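One-based numbering, in listed order, for ligands and for the atoms of each. Hydrogens, waters and symmetry mates play no part in the numbers below; they use all other heavy atoms, side chains included. Just so we're clear, the structure is a prediction, and the values are computed from it rather than from any experiment.
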Amino acid sequence: MNNINTLTQASIALKFGKTTSVELTQKCIQRIESIDENIGCYLCVDKIGAMKQAIDSDARRKFNQSLGELDGIPIGIKDMISCKGLPLNASSKILQDYLASYDATVIRNLRSKGAVIIGKLNQDEFGMGSSGENSAYKICKNPVNLSRTPGGSSSGSAAAIAANLAFGTLGTDTGGSVRQPAAFTGTVGIKPTYGRVSRFGVIAFASSLDQVGVFGHKVEDAATLLSGIAGYDEQDSTSIKISVPNYNLTLNRDIKGVRIGIPKEYLNKDVALDPEVKTCVENAISRLRTLGAKVYFISLPHVHLSVAAYHIISTAEASSNLARYDGIRYGPRIGFEGGFKNLYKETRGKLFGAEVKRRILLGTFVLSASCYDSYYIKAQKIRSLIVDDFRNAFTLVDAIICPTVPSVAYPLGERINDPLKMYLGDIFTIPANLAGLPGISIPGGFSKENLPIGIQLIGRPFEESNILNIAHMLEKILKINNEPVK
Ligand code: GLN
């Protein structure tokens, strides 16, 4: 398997009989057993289940009944997503020992295409965080440099790709949790349009922002995996009935004349942008120009308000979504002998982590009668202005380019006691969630310290194929070596 690193390579090798699903799955499991103790990607590995799925896949292939590109490919799943029979903990103690009783639609879709579900991946508790340090179980490290954060909240999903502990992974992105860890680990991560992928069976953090996304080494890997999970689902009322292209077939289109916008607000002095990140984005822009793209400055006049609006809207929704964890319906129970009030207080007080409690408190506060208009309604108005900003920009350009994150991966421990600093790192990713737009992060280069830098492309609603194509062309011309960590 030494020369099979990416999902696409694995898929081709399977197709031409150069390997088997059993071999790929076994090697993944062996590698997890030998190195993941030092990284912390997996919360659980379904050895027996994965091997059984691999055996079934090989049997199908033998009888020429392969289910396509994903058949037999080991895929890791963020712990926010239900996989029947496996633990579903959202990396929280409040869901400790809880087992999923059904498959999320994205998992059903993957299984119907023969993918091998290998295990559940570490994350920030309930998706709240940007560094992986808010997991109640263990810290996840960046395989590129173990002293650094892999980003979050889909920390394990990104790190597992960077360390070759899965060929593709699923994450969720509410404010950047797929794109930001992709940037920090030198992997590719795409968050599709709100409504493109079903959220049925996915633990809700902030329902108007949450979307399932995918990780891979290369754009084509992400394209294959996204094609595998996307599509309308009648069990998710927010999913949209629009046909899903085969994203791989729309790669390699010429981008001559494609109009790309640079938001001028992102170059303001008050945006703390690391000079190395800025240089990397500028380099990507000049390469796009050489490919014939037309680059323009555009304006997104309200994006500077996005982090504040996000932390009002997302916490308000989280305070409601997380009310269900009451010590009665799911997970462990503390303080039952003191009556119901005591049960709620003890269970929620002891089993939610500090960041989750901070968000529940903030969300409850902004929804309280005296704050509702001045915070919640105001944030919704700002959200509408940001939606309009993008709508206007997309009359002038076909895609927007900007950094994924203002910095490279910072040392573990650096921001965990400074939540505001942590939140501000999401400045470039949050706007796409507020506007429901698709966004992709691809590796654009490395810093002097050899840490990956992410380039983000944002597209019009349901134009994933457009940003995947631009990203793919950019990836080809940049020739970044993001081979998995040895
Ligand atoms: N880092 C952001 C937060 O802490 C986004 C998280 C996410 O996308 N799930 O809320």
Can you tell me if K357 has over 12 outside heavy atoms packed within less than 6.0 Å of its NZ? yes
One residue to check: [X]. Relative to ligand 1, which of side chain, backbone, both or neither has a non-hydrogen atom less than 4.0 Å away?
X    : answer
T174 : both
S177 : both
M80  : neither

Quick one, K448 with E276, criterion salt bridge (Lys or Arg N to Asp or Glu O under 4.0 Å). Give me CA distance, side-chain angles, the key distance, then yes/no. CA-CA 8 Å; K448 282 199 273 316; E276 287 188 289; 3.7 Å; yes
F365 and Y375 aromatic centres sub-6.0 Å: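 Distance test on ring centres: under 6.0 Å, yes.
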Please tell me whether Y98 and Y325 form a close aromatic pair, meaning their ring centres lie under 6.0 Å apart. no
Any atoms of ligand 1 less than 4.0 Å from a non-hydrogen atom of [X]? List them with their elements.
X    : value
D173 : 8 (O)
S130 : 1 (N)
Y310 : 2 (C), 3 (C), 5 (C), 6 (C), 10 (O)

For atom 2 (C) of ligand 1, find the nearest protein heavy atom and state the residue, atom name and distance (0.1 Å precision).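 Here the closest protein heavy atom is D426 OD2, 3.1 Å.
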So which heavy atom in the protein is nearest atom 4 (O) of ligand 1, and how far is it from that ligand atom? R359 NH2, 2.7 Å
Test of proximity, [X] against ligand 1: N or O pairs below 3.5 Å:
X    : result
G175 : yes
G127 : yes
T172 : no

So, applying side-chain contact (heavy atoms from CB on, under 4.5 Å) with K78, which one of S154, S91, S155 is it?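 Testing each of S154, S91, S155 against K78, the sole residue satisfying side-chain contact (heavy atoms from CB on, under 4.5 Å) is S154.
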Option among C140, P143, C41 that satisfies the side-chain contact (heavy atoms from CB on, under 4.5 Å) test with D36: C41
What do you reckon, does G129 put a non-hydrogen atom under 4.0 Å from ligand 1? yes
Quick one: which residue pairs count as a salt bridge (Lys or Arg N to Asp or Glu O under 4.0 Å) with a foot in residues 89-113, not counting sequence neighbours? D103-R111
Keeping the roles fixed (side chain from H217, backbone from L7), state whether a donor-acceptor pair exists under 3.5 Å. no
